[in-house]
Participant: 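Below: one structure in structure tokens.
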Amino acid sequence: MGFIDKIKKYKWIAKVILTTSWADKKKIISGFKNADQYYEIENTKTNMKDLLKCTLCPNMCRFECPSLRVTQKEMYAPATKARISYHMERGDIPMSDLHSAEVPYICTNCDGCQTWCPMDISAGDLLRGVRADLVAQDIYIPGVKEFEEKVVTAKTAFTESTFSSNPDFNVNMENPNVFYYTGCVMAEKKPEAVKANIEILKFAGVSFCTHTDKRQCCSGPLYTLGFDETVKKFAEQNLALFDESGVEVIIADCPACVNTIKNTYRELGYDHDYKVMTTGQYYAQLIKQGKLKLEHPVNISITYHDPCILVRKLERQPFIDTGNLDPELRYNGENELDSSRYIFSKIPGLELKDVFLHGQQTQCCGRGGVSHVHHPEISDKIGKQRVKQLKDMNADEIVSACPACEEGLNYNGVELCLDIGEVLLKAIRK
Ligand code: SF4
Ligand code: SF4
């Protein structure tokens, strides 16, 4: 978010502070300046300074938190989860108390809290760090360790046959420029979208490889659950494969894979120079450069579900989107704005019916934070709420750009959620 946007977003805080007495203003400023004295814990995987701020906050973001919304339990409001976590980190509550250890897991990592946070904090990121501290001490809530073991054995989030049963996905051209990193969820649950992506890349004349016989899970789900040491092993093996392939660009059909390869690997110490983006972002670039022509009208209406990770971790969409933004301003060629709506604006005949909560104000599909693995009831309730919002738009199709969202929405009542690649393919071939 740019400086001007930040001022616009947070100007209400300045207004509130201005209305206080000089004595209170002094107290607020000194509280911020001297906050360090209230935390003295070292070597945590969470940011204790921010966790403390979150702990002291009057829960400004609470109405945005899907876990709180569906559980209706104050214990699962972002600041309350931060408070319990803070006391666990300090040892005031034993980490081994599984009742408390469950709290940081009641979070879909949707970053909805950060959208509203006056301090630009993601309670989700803080809670993820707390989960990593639990894992570091071998403390697991039910379902978590079993999931990690499954991924380590199968090398995918599903089974060993996810890729071997789809040999067509293994496309390896000579001297490729692009590595199409096929996500486990897309391959397992939406093979038709993988086929669409392969067809689009071939149509655009892109020289690419997939190496689906060698690639391993990006391990993003394991990072979310706190298994940092396991993620490092996956990072090493995947980066070795990217290096071997000689590409400069990595594209993935899943925003979580992109976030993991682009940001998490680097955060864990595996720096690299690859340009990493989603398939949608790459297509937006090809369209902008005139390399992908969309000539066939697609005369349908769609409602688009913005994936949290895409809009809140990988792009910077308008904070309040009235829908009137010039499509050219939605994508500046640098993957920073709104690649999906840029693509939709270029498809002839396509009508986008945006749901009220869209763009940065999107709502989680319920599958974030791998919640369906450890808290399926909460995950499904969140998913059903989102499905209702999307269905109420009465569009011909519901579309997304993340296989986990598409799967979650399907599971919770959308008959068929299309991937952005599938819609795009309709515009490039008859
Ligand atoms: S994320 Fe921000 S707004 Fe939400 S409770 Fe924490 S500090 Fe407050
Ligand atoms: S990341 Fe999402 S689910 Fe987690 S605390 Fe923030 S708003 Fe709630």
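Ligands are counted one by one from 1 in listed order, and the atoms in each one are counted from 1 as well. Computation of the quantities below employed the complete heavy-atom set of this structure, encompassing side-chain atoms and omitting hydrogens, waters and symmetry-equivalent molecules.
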Participant: Just how far is it from atom OH of Y282 to atom CG of L292, taken to the nearest 0.5 Å?
Facilitator: 9.5 Å
Participant: Got the closest protein heavy atom to atom 5 (S) of ligand 2, with its distance?
Facilitator: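 Minimum-distance protein heavy atom for atom 5 (S) of ligand 2 reads K81 NZ, 3.6 Å.
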Participant: With atoms numbered from 1 as shown, which atoms in ligand 2 lie under 4.0 angstrom from a non-hydrogen atom of S67?
Facilitator: 3 (S)
Participant: Please give me the protein atoms (N, O or S only) lying under 2.8 Å from atom 2 (Fe) of ligand 1, ordered by chain and number.
Facilitator: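 Protein N/O/S atoms under 2.8 Å of atom 2 (Fe) of ligand 1: C117 SG.
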Participant: Nearest to atom 4 (Fe) of ligand 2, what protein heavy atom do you find, and at what distance?
Facilitator: C107 SG, 2.4 Å
Participant: Tell me which part of D111 gets within contact of ligand 2: side chain, backbone, both or neither, using heavy atoms under 4.0 Å.
Facilitator: backbone
Participant: Regarding K353 and D392, does a basic nitrogen lie under 4.0 Å from an acidic carboxylate oxygen?
Facilitator: no
Participant: Which residue owns the protein heavy atom closest to atom 2 (Fe) of ligand 2, what's the atom, and how far is it?
Facilitator: C110 SG, 2.3 Å
Participant: Out of the candidates R312, K313, Q360, only one should pair with D111 under the side-chain hydrogen bond (donor to acceptor under 3.5 Å, both in side chains) rule; please name it.
Facilitator: K313
Participant: Classify the angle between the aromatic ring planes of F242 and Y274 as parallel (below 30°), tilted (30 to 60°) or perpendicular (above 60°).
Facilitator: perpendicular
Participant: Using a strict 4.0 Å threshold on nitrogen-to-oxygen distance, state whether K73 and E102 make a salt bridge.
Facilitator: no
Participant: Answer yes or no on whether K81 is positioned over the face of Y105, meaning its NZ or CZ is under 6.0 Å from the six-membered ring centre and within 45° of the axis.
Facilitator: no
Participant: Nearest 0.5 Å, please: how far is SG in C209 from CG in L201?
Facilitator: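 Separation between the atoms: 11.0 Å.
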Participant: Would you mind checking if E236 and K233 are paired as a salt bridge, meaning a charged N to carboxylate O distance below 4.0 Å?
Facilitator: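 No, this pair does not count.
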Participant: Under 30°, 30 to 60°, or over 60°: which ring-plane class applies to F179 and H211, parallel, tilted or perpendicular?
Facilitator: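 Aromatic pair F179/H211 classed tilted.
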Participant: Any idea which protein heavy atom is nearest atom 8 (Fe) of ligand 2, and the distance to it?
Facilitator: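 For this ligand atom, the closest protein heavy atom is C65 SG, 2.4 Å.
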